[in-house]
Asker: 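So that we are looking at the same thing, I have put the structure below in structure tokens.
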Amino acid sequence: MNLILSWVKSGLLFGIFASVILMLCPNQTYQKYISLVIGFVFILVMMHPISYLLHVDNLTYTSFLQNYIRIEYDENTLSDTEQTLYKETVRIQLEAGLQDGGYPVKNIDLDADMNGKIRNVTLHFSSEIKETEVLERYLKNLFGEDVSINYEME
């Protein structure tokens, strides 16, 4: 019941926020583009609890991105642009997930092969971390056992 209530609250709060943004639009020509973006974000906000119920995690999201790029371009290997876009998307998602987990991540460097498989992860931390076993287990579950994980303190 609390899940449904929080879902409705987040939808209402986003609706109020969206209407304020649309009222502050300086020009009618921009309003249709801004409302399009707000609509997409609203769909993401409303889908978040559903992804929680369906247990969609970072592994599923990473796999989806990888498969989408392959299907969209009908190739077994990714071009340089596709590979860069894929690595940046995975890096942003991973950085957000680790920061939510309480890790003092400053930056993440990823290396992937031509098939989109992440081979090397370098984590840059702003302060020293003590327990890396949980983090390594998480990354190996996410990217596979053959991923190389490096830590750097800045």
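What you see below is based on every heavy atom in this structure, not just the backbone, and it leaves out hydrogens, waters and symmetry mates. Note that the structure is a prediction, hence the values are computed from the model and not measured.
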Asker: Check His124 against Glu152 and note the closest heavy-atom contact, atom names and distance.
Answerer: CE1-OE1, 2.9 Å
Asker: Taking Met46 as the starting point, is it possible to reach Val8 by hopping between hydrophobic residues whose side chains are less than 4.5 Å apart?
Answerer: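 No; tracing contacts between hydrophobic side chains, which count when under 4.5 Å, never links both residues.
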Asker: Measuring from atom CG of Leu139 to atom CG of Leu98, what distance do you get when rounded to the nearest 0.5 angstrom?
Answerer: 6.5 Å
Asker: Under a 4.5 Å cut-off applied to non-hydrogen side-chain atoms, are Leu94 and Val105 in contact?
Answerer: no
Asker: Nearest 0.5 Å, what's the CD-CZ distance between Glu145 and Arg137?
Answerer: 11.0 Å
Asker: Could you pull out the closest heavy-atom pair between Ala112 and Ile118, with the gap in Å?
Answerer: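 Residues Ala112 and Ile118, closest heavy atoms: CB-CD1, 3.9 Å.
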Asker: Output yes when a side-chain donor or acceptor of Lys117 lies under 3.5 Å from a complementary backbone atom of Phe143, and no otherwise.
Answerer: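 The answer is yes, because a donor-acceptor pair under 3.5 Å joins these two groups.
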Asker: Hey, quick one: are Tyr151 and Leu142 part of the same hydrophobic cluster, counting side-chain heavy atoms closer than 4.5 Å, chains of contacts allowed?
Answerer: yes
Asker: Looking at Leu5, I'd like to know if its CG atom is crowded, meaning that more than 12 non-hydrogen atoms belonging to other residues, nucleotides or ligands lie closer than 6.0 Å.
Answerer: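 Yes.
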Asker: Any non-hydrogen side-chain atom of Phe17 less than 4.5 Å from a side-chain atom of Ile38?
Answerer: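 Side-chain contact under 4.5 Å: no.
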Asker: Within this structure, what is the CG-OG1 distance for the pair Asp111 and Thr122, rounded to the nearest 0.5 Å?
Answerer: 6.5 Å
Asker: Nearest 0.5 angstrom please: Ser126 OG to Asn107 CG, how far?
Answerer: 11.5 Å
Asker: Donor-acceptor pair, distance only, cut-off 3.5 Å: does the side chain of Lys140 make one with the backbone of Val147?
Answerer: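 Answer holds: yes.
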Asker: Report yes or no: do Leu13 and Val41 belong to one cluster of Ile/Leu/Val/Met/Phe/Trp/Tyr joined by side chain heavy-atom distances under 4.5 Å?
Answerer: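 The answer is no; the residues belong to distinct hydrophobic clusters.
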Asker: Could you tell me the separation between the CD1 atom of Ile4 and the NZ atom of Lys9, rounded to the nearest 0.5 Å?
Answerer: 13.5 Å
Asker: Give, for atom CG of Leu110 and atom CD of Glu95, the distance between the pair rounded to the nearest 0.5 Å.
Answerer: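 These two atoms lie 10.0 Å from each other.
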Asker: Could you check whether the rings of Phe125 and Tyr103 sit parallel, tilted or perpendicular, using 30° and 60° as the cut-offs?
Answerer: tilted
Asker: Answer yes or no: is there a side-chain heavy-atom contact under 4.5 Å between Ile149 and Leu135?
Answerer: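 No; the side chains remain at least 4.5 Å from each other.
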